[in-house]
Asks: 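Handing you a structure now.
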Amino acid sequence: MIDIHCHLLPAVDDGPETVEQAVEMAKRAASEGVTAIVVTPHAFHPQFETDELNIQNAVAKLQDVLRHEGIALDLYAGQEIRVFGDLVEALSLAGSRYVLVEFPSDSVPAYAEQLFFGLQTEGYTPVIAHPERNKEFALNPKRLMDFVSSGALSQITTGSLTGEFGQNVQDLAFTFLRNGLSHLIASDAHSTGRRTFYWDDAKDAVTKELGQDKWNTYVSNAEAILKDEFVFIDPPILPIKNWRGKWKK
Ligand code: FE
């Protein structure tokens with residue numbers, strides 16, 4: 001499996017603090033069947049000072065350590081880009097056309113459509129990180145539907161599917177996948193603690209809820225990102241709630 005969203009670089013953001021912790025994370029990922037990770041440190045995030053970081057160098061250095069430790073895991077460089085008003089110089093995922101973008105957790109800024117339009121005009125495809133954890137998408141899934149209808153993709157976090165962020169986030173994650181509003185699954189792992197990979201558990205949950213074919217699609221979509229190929233998309237459907245206030249299946 002390919003993990004397209006993971007905070008694996010030591011001592012750069014809220015990921016591992018030491019090289020040893022990064023190595024432990026890499027071992028965990030490999031043990032759950034991950035063969036490649038696109039390393040995505042936070043960029044332009046108000047809490048993390050990563051402007052001066054040379055990601056390519058840092059990734060190459062960590063790759064050397066993993067080789068030395070005998071861990072079979074290929075690393076690629078990327079960024080998780082916190083959006084703000086301007087178009088920014090940033091790294092795409094593994095040099096592909098796909099750009100991982102993150103909104104603030106409680107809102108989707110009004111300028112986002114304009115920003116995405118600009119990105120897409122330049123040939124990039126925005127991938128919205130963990131929409132299931134965004135309060136505005138939860139209240140108004142039409143907003144996500146509009147982005148996806150305009151050609152954006154979105155990525156669900158493994159821990160959301162296993163209930164790590166609570167029942168509401170879990171329900172919304174499955175709803176977005178079921179309705180064609182999310183197309184990719186990634187760990188967004190930060191550690192070997194609570195925010196870890198959950199690949200094995202997510203696979204079980206998705207296979208049980210949506211079937212093996214769907215799981216295979218998400219796995220091959222992540223491979224497509226790495227190869228800079230097209231990602232498989234279903235026509236998006238607007239989620240609605242039943243009379244109990246639960247998302248309709
Ligand atoms: Fe992240």
Side-chain angles (χ1 to χ4, degrees), residues 1-17 21-22 24-26 28-29 32 34 36-51 53 55 58-59 62 73 75-84 88 90-94 96 98-109 112 115 125-138 144 147 152-162 164-166 169-170 172-173 176-177 182-199 201-202 218 221-222 225-226:
M1 283 172 315
I2 316 293
D3 198 341
I4 62 155
H5 181 173
C6 178
H7 300 261
L8 191 64
L9 288 181
V12 303
D13 57 8
D14 51 349
E17 285 167 16
Q21 288 175 4
E24 286 311 305
M25 282 180 71
R28 173 81 67 94
E32 296 197 19
V34 176
I37 289 181
V38 186
V39 180
T40 51
H42 287 288
F44 310 107
H45 191 292
Q47 277 165 285
F48 309 108
E49 195 49 64
T50 51
D51 295 3
L53 173 69
I55 296 169
V59 168
L62 184 57
L73 196 60
L75 302 185
Y76 297 84
Q79 282 180 316
E80 177 178 21
I81 302 155
R82 175 61 77 97
V83 299
F84 59 98
V88 290
L91 283 184
S92 66
L93 292 171
S96 70
Y98 299 100
V99 177
L100 184 67
V101 294
E102 178 195 38
F103 295 126
S105 62
D106 54 355
S107 68
V108 177
L115 186 86
T125 299
V127 177
I128 301 167
H130 38 69
E132 78 280 12
R133 284 159 46 200
N134 179 284
K135 281 189 195 131
E136 186 162 342
F137 285 141
L144 181 60
F147 286 122
L153 302 173
S154 81
Q155 167 256 311
I156 297 289
T157 296
T158 49
S160 299
L161 297 163
T162 62
E164 205 54 39
F165 298 94
V169 169
Q170 187 178 28
L172 195 60
F176 285 166
L177 289 175
S182 294
H183 320 82
L184 293 144
I185 296 173
S187 73
D188 192 12
H190 287 65
S191 70
T192 51
R194 194 184 76 81
R195 296 202 60 189
T196 192
F197 290 94
Y198 299 109
W199 275 108
D201 295 340
Y218 303 130
N221 279 350
I225 297 246
L226 203 56

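In listed order, ligands and their atoms are each counted from 1. Just so it is clear, the structure is predicted and the values come from calculations on it, not from any experiment.
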Asks: Listed by chain and number, what are the side-chain contact (heavy atoms from CB on, under 4.5 Å) partners of Gln170, not counting sequence neighbours?
Replies: Gln167, Phe174
Asks: For the residue pair His7 / Asp13, report whether a side-chain donor-acceptor contact shorter than 3.5 Å exists.
Replies: yes
Asks: Is it the case that the side chains of Glu132 and Ser160 hold a donor-acceptor pair, with the cut-off being a distance below 3.5 Å and no angle test?
Replies: yes
Asks: Determine the sole option in Leu184, Ile128, Val101 for which the side chain to side chain contact (heavy atoms under 4.5 Å, CB included) test with Gln155 is passed.
Replies: Leu184
Asks: Return all protein N, O or S atoms below 2.8 Å from the Fe ion (ligand 1), chain by chain in residue order.
Replies: His5 NE2, His7 NE2, Glu80 OE1, Asp188 OD1
Asks: Applying side chain to side chain contact (heavy atoms under 4.5 Å, CB included) to Trp199 and Ile185, what does each step give before you reach the verdict?
Replies: CA-CA 9 Å; Trp199 275 108; Ile185 296 173; 4.1 Å; yes
Asks: Evaluate the ring planes of His190 and His42, with Trp represented by its six-membered ring, and classify them as parallel (under 30°), tilted (30 to 60°) or perpendicular (over 60°).
Replies: tilted
